[in-house]
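Sequence lines set the chain letters: A, B, ... in the order given, protein chains first and strands last, and positions in each chain run from 1.
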Amino acid sequence: MEGPALTLLKEEAHAFIGKKIVEASGSSKVDWDTLAGQQLRQLQSWGKHFLLVLDNCTIRIHYLMFGNYYLNSRHPDKTPKLSLQFNDGSEWNNYNCAVRILPETDMSRLYDFSTDIMDESWNAAKAKAKLKNHPGMQVCDALMNQDIFAGVGNVIKNEALFRIAVQPESLVGALPPRKLTELLREAHTYSYDFYRWRKEGVLRKKYCVHQRKYCPTCDTLLVKKPTGELQRNSFYCPVDQVLYT
DNA sequence: TGCCATGTTAAACT
DNA sequence: GAGTTTAACATGGC
């Protein structure tokens, strides 16, 4: 689940803020007893980390690849990793995710929110400075690097690179200044498009290259291959996307 | 129907 | 002990 999906969850779950947890349970290894009785103070996210700030600790949820959640309902037969019951009878169930309790409620002490692509304080200049420190890094790895672009995942990587016509194995240090600027801008812009399209339920339909077969502009057969140190699949047009090395 | 994939962590190994 | 590789998690969609 990429960053923009968590921004959406923050909105969907907004009504839970202020409610008191009466019971917490699930198959995660968590000290459940400490959670009951606490009030949900805030919902925050950093990159792909979802944060439920309580009175004296914070629940951190990472939905990994296949995680999902049910608000005020539950999966018919699966056991939640984390199930929260609230004082008004509402419930929040989370599946296939990694759950941890952070002994801290001030998230600004743990996270630099200006590296989060979806945060209002997102700082492109800071990301640019980090990129300058890694001239030999491939752009596919740079975009997936959570210390530089927190929240960007494989879909955003592939789609943003298509938009700026850059081949995923291009080296950060070889990008012309204009392309570097486009990279920073499009990582941000595409993330918001991702958010909007997911909200409208049309995200998959909007993919230009990710999990696609042919280039939407020139009809060339797209290349699908694992790239970079991370070896995550890249989808790109061998004609339209330029390799800078 | 079998296989791949929106991701990360921790154990196992060198 | 540091650095690197592998396993684990677990399921909807093509």
Q. Among R198(A), R163(A), K206(A), whose side-chain hydrogen bond (donor to acceptor under 3.5 Å, both in side chains) with D193(A) holds?
A.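 The option that passes is R163(A).
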Q. Given S234(A), which of K225(A), H210(A), K224(A), K157(A) fulfils the side-chain hydrogen bond (donor to acceptor under 3.5 Å, both in side chains) condition?
A.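 When K225(A), H210(A), K224(A), K157(A) are each tested with S234(A), the side-chain hydrogen bond (donor to acceptor under 3.5 Å, both in side chains) holds only for K157(A).
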**Q.** Side-chain ion pair, K126(A) and D112(A), N-O less than 4.0 Å
**A.**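 D112(A) and K126(A): salt-bridged.
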Can you figure out which of [options] approaches the side chain of [X] most closely?
{"X": "N154(A)", "options": "dG7(B), dC14(C), dG12(C)", "result": "dG7(B)"}
{"X": "H75(A)", "options": "dA5(B), dT6(B), dG12(C)", "result": "dG12(C)"}
{"X": "K78(A)", "options": "dG12(C), dT6(B), dC9(C)", "result": "dG12(C)"}

**Q.** Pair Y95(A) and Y70(A), ring centroids less than 6.0 Å apart
**A.** yes
Q. So, do F86(A) and F16(A) have ring centers that fall under 6.0 Å from each other?
A.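 Yes; F16(A) has its ring centre under 6.0 Å from that of F86(A).
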Could you state the atom-to-atom distance from [atom1] of [X] to [atom2] of [N] in whole Å?
{"X": "R204(A)", "N": "dG12(C)", "atom1": "CZ", "atom2": "P", "answer": "12 Å"}
{"X": "Y95(A)", "N": "dT6(B)", "atom1": "OH", "atom2": "P", "answer": "24 Å"}
{"X": "M65(A)", "N": "dA10(C)", "atom1": "CE", "atom2": "P", "answer": "14 Å"}
{"X": "Y207(A)", "N": "dG13(C)", "atom1": "OH", "atom2": "P", "answer": "12 Å"}
{"X": "K48(A)", "N": "dT6(B)", "atom1": "NZ", "atom2": "C1'", "answer": "8 Å"}
{"X": "F235(A)", "N": "dT6(B)", "atom1": "CZ", "atom2": "C1'", "answer": "12 Å"}
{"X": "Q231(A)", "N": "dT6(C)", "atom1": "CD", "atom2": "P", "answer": "12 Å"}
{"X": "M1(A)", "N": "dC9(C)", "atom1": "CE", "atom2": "P", "answer": "20 Å"}

Between [N] and [M], how many Å separate the two [atom1] atoms, rounded to a whole number?
{"N": "dT5(C)", "M": "dT6(B)", "atom1": "C1'", "result": "24 Å"}
{"N": "dT9(B)", "M": "dG12(C)", "atom1": "C1'", "result": "23 Å"}
{"N": "dA11(B)", "M": "dA10(C)", "atom1": "P", "result": "16 Å"}

Does [X] put a side-chain nitrogen or oxygen below 4.0 Å from OP1 or OP2 of [N]?
{"X": "Q211(A)", "N": "dC4(B)", "answer": "no"}
{"X": "H62(A)", "N": "dT9(B)", "answer": "no"}
{"X": "K29(A)", "N": "dA10(B)", "answer": "no"}

Q: State whether the side chain of Q167(A) and the backbone N or O of E169(A) hold a donor-acceptor pair below 3.5 Å, judged by distance alone.
A: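 Flag set: sc Q167(A) to bb E169(A) pair under 3.5 Å.
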Scan [X] against the nucleic acid and name what it touches under 4.0 Å (heavy atoms): base, sugar-phosphate only, or nothing.
{"X": "K224(A)", "result": "sugar-phosphate"}
{"X": "K81(A)", "result": "sugar-phosphate"}
{"X": "N233(A)", "result": "sugar-phosphate"}

Q: Once you apply the 3.5 Å cut-off to both distances, tell me the Watson-Crick or G-U wobble partner of dA10(C), or none.
A: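 For dA10(C), the partner nucleotide comes out as none, under the 3.5 Å rule.
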Q.
Pairing check on dT6(B): which nucleotide meets the Watson-Crick or G-U wobble criteria with it, both distances under 3.5 Å?
A.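 Answer to the pairing question: none, since dT6(B) forms no Watson-Crick or G-U pair.
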Q) Closer to the 5' end of DNA chain B via nearest nucleotide, is it R100(A) or R232(A)? A)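 The answer here is R232(A).
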